[in-house]
Amino acid sequence: MIHAKQQALDVLKQKILEDGTCLELADQATNLVMGDGNPDADIVFIGEAPGKSEDEQGLPFVGASGKFLNEMLAEAGMVRDDVYITNIVKYRPPNNRDPLPEEKKEFWPYLLKQLQVIEPKVVITLGRHSMEYFLPGMKISQIHGEPKRIAFGDDHLVIVPLYHPAAALYNGSLRQTLIDDFLRVPVIIKNSAYPERG
Ligand code: URA
């Protein structure tokens, strides 16, 4: 039986297609990369946009960054099926360029709906592109790893901004910072009812 949340996510994916969202990116992409993992998860990871492997396979974080993400999940005692993984922009930008502000803006309402369906306790943004929408005006170098509480509908969400695995992959000190931040995530989730105020 398909889970109700997965069904709602499938409907949302169909809506993104039918609405003609980001047609310029869609025209050049192989797949709309909606997400992967467990729609019932307490933790949602949000990256930037699919790369080449993600576009080919239709799944987020399956290339080099994904391998690093999987390794950090394992070190934190988790597997991909314990979490849900998605991106702010759901089509691959040509040549892996940064997503444009208008592309992020077009996908933002669908990302919010995705979160309304999943109802996570904690959202982990990977890199500044997804962080800046949840925590406008903040700098990742100053707040990485710090849980922030934001209003979300009638409730709240805890956002934990982390560096993007791709940025940290080949930079030794950033890599260690990301791993250290990542390993604190299970504690943050445990305490997520009472995080530090943003
Ligand atoms: N980088 C991202 O931000 N997302 C992916 O899915 C893959 C690489």
Side-chain angles (χ1 to χ4, degrees), residues 6 9-10 12-13 16-17 21-22 24-26 28-39 41 43-76 78-108 110-115 118 120 122-135 138-141 143-145 159-171 174-175 177-179 181-182 185:
Q6 185 56 56
L9 293 177
D10 292 345
L12 185 59
K13 179 175 181 179
I16 294 175
L17 292 166
T21 312
C22 263
E24 274 182 31
L25 289 186
Q28 300 176 64
T30 311
N31 278 300
L32 165 60
V33 180
M34 190 64 183
D36 186 31
N38 180 358
I43 314 172
V44 171
F45 286 88
I46 306 175
E48 181 179 317
K52 189 169 186 291
S53 312
E54 289 77 17
D55 180 47
E56 283 167 2
Q57 295 183 41
L59 290 169
F61 284 97
V62 288
S65 307
K67 189 163 172 279
F68 185 27
L69 182 60
N70 288 350
E71 284 166 15
M72 288 188 290
L73 281 169
E75 278 211 45
M78 293 184 274
V79 293
R80 272 175 95 110
D81 264 354
D82 293 328
V83 301
Y84 187 86
I85 304 173
T86 188
N87 287 302
I88 180 160
V89 168
K90 290 169 170 52
Y91 289 120
R92 180 191 183 201
N95 302 315
N96 295 350
R97 66 153 167 73
D98 279 0
L100 302 174
E102 54 270 30
E103 292 164 352
K104 290 182 268 183
K105 196 171 161 201
E106 250 194 272
F107 272 110
W108 175 243
Y110 299 103
L111 179 61
L112 289 181
K113 289 209 181 88
Q114 215 174 357
L115 293 177
I118 300 170
V122 173
V123 167
I124 299 180
T125 56
L126 298 170
R128 67 185 166 84
H129 289 286
S130 53
M131 182 199 78
E132 71 190 7
Y133 261 82
F134 292 98
L135 304 170
M138 296 205 185
K139 279 208 158 70
I140 194 159
S141 56
I143 60 159
H144 63 87
I159 310 292
V160 185
L162 297 188
Y163 282 113
H164 194 288
L169 208 47
Y170 304 110
N171 175 328
L174 214 58
R175 184 184 170 96
T177 303
L178 175 56
I179 293 171
D181 287 348
F182 205 100
V185 166

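This is a predicted model, so every value here is computed, not measured. Just the heavy atoms: all of them, side chains too, but no hydrogens, waters or symmetry mates, feed the values below. Numbering of ligands and ligand atoms starts at 1, following listing order. Residue numbers start at 1 and run along the sequence shown.
The N/O atoms of Glu48, backbone and side chain alike, include one that comes under 3.5 Å of an N/O atom in ligand 1. Between Ala49 and ligand 1, at least one N/O pair is under 3.5 Å apart. Between Pro60 and ligand 1, not a single N/O pair is under 3.5 Å apart.
Among all non-hydrogen protein atoms, the one lying nearest atom 4 (N) of ligand 1 is Asn87 OD1, 2.7 Å.
Within the structure, ligand 1 has His164 among the residues with a heavy atom less than 4.0 angstrom away.
Between Asp55 and Thr30, the shortest heavy-atom distance links the atoms OD1-N, 2.8 Å.
For the atom pair Gln6 CD and Lys13 NZ, the distance stands at 9.5 Å (nearest 0.5 Å). One distance of note links CD of Glu24 with SG of Cys22; it measures 8.5 Å at 0.5 Å rounding. For the atom pair Asp36 CG and Phe45 CZ, the distance stands at 12.5 Å (nearest 0.5 Å).
With ring centers used as reference points, Phe68 lies 6.0 Å or more from His164.
Residue-ligand proximity, Gly47 to ligand 1, at heavy-atom distances under 4.0 Å covers atoms 3 (O).
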